[in-house]
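Have a look at the structure below, then the notes.
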Amino acid sequence: MFLIQNILIDERIVSGNFVCETNKCKGACCTLRGGGGAPLLESEVPLIDKSLPFVLPYLNKQSQTILEHEGYTLKGDDNSLEINCIDNKDCVFVFYENEIAKCSLEKVYNEGKSHFKKPLSCHLFPIRVRNFGGDFLSFEPFDECKPASEYGNALNVTIRDFLKEPLIRLYGNDWYEKLQEYAQQAATSEGEVL
Ligand code: SF4
């Protein structure tokens, strides 16, 4: 682990490779049974509210009914917000394309109908933001993500590069540049040792 501007970081985020391969995992992170829904920030609620009219046509009847009667937010154990799920499995915003689970929020964002891509926690996954008195970025892939590590190795794309956009969304460009500098220094000193 190492620190960049008081953010504690799992070394694997710098050293490991990763590129999602959804034709193999089938979008498993949106449909895993148990464990609660994706963490949601209070500030994201009004942004999702604006996307709702556009996502509804992509959702199945069950999701539409849940959204109408329960809404999409749940309170987690520590009173934090989570996104509601169907039968403790699929995220309520999931739709399927060729049997791959996809995010309807991202779909309407990509279509230019909204300005909100998806919750930060989903955008960052498999990086999780844990709290150890400050932020700790932890790399926590599911078993279903294994092909993504292999694909990342094949393409030689690091976790920090693959998740550049959400990392900048979270901490900004300057912080991300510092992360890159750390990675380059680590790679250089590793080369020197060898
Ligand atoms: S994070 Fe893992 S489960 Fe989710 S899309 Fe990527 S490889 Fe698949």
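Every heavy atom of this structure was used, including side-chain atoms; hydrogens, water molecules and symmetry mates were not. Atoms within a ligand are numbered from 1 in the order they appear, just like the ligands themselves.
At the top of the distance list for atom 4 (Fe) of ligand 1, counting protein heavy atoms only, stands Cys29 SG, 2.3 Å. Annotation: atom 2 (Fe) of ligand 1 to nearest protein heavy atom, Cys145 SG, 2.3 Å. Here the protein heavy atom with the shortest distance to atom 6 (Fe) of ligand 1 is Cys20 SG, 2.3 Å.
The closest approach between any non-hydrogen atom of Phe125 and ligand 1 is below 4.0 Å.
In this structure, Trp175 contributes its side chain and Ile4 its backbone to a donor-acceptor pair below 3.5 Å. With hydrogens and angles disregarded, a donor-acceptor distance shorter than 3.5 Å links the side chain of Glu44 to the backbone of Leu120. Judged purely by atom type and a 3.5 angstrom limit, Ser138 has no side-chain atom pairing as donor or acceptor with the backbone of Glu140.
Under a 4.0 Å N-O distance rule, the pair Asp87/Lys89 does not qualify as a salt bridge.
Within the listing of ligand 1, atoms 7 (S) sit less than 4.0 angstrom from a heavy atom of Ala148.
Taking the six-membered ring for Trp and the full ring otherwise, Phe18 and Tyr151 have centroids separated by 6.0 Å or more.
Because the distance cut-off is set at 2.8 Å, Cys25 fails to qualify as a neighbour of atom 2 (Fe) of ligand 1, as none of its N, O or S atoms comes that close.
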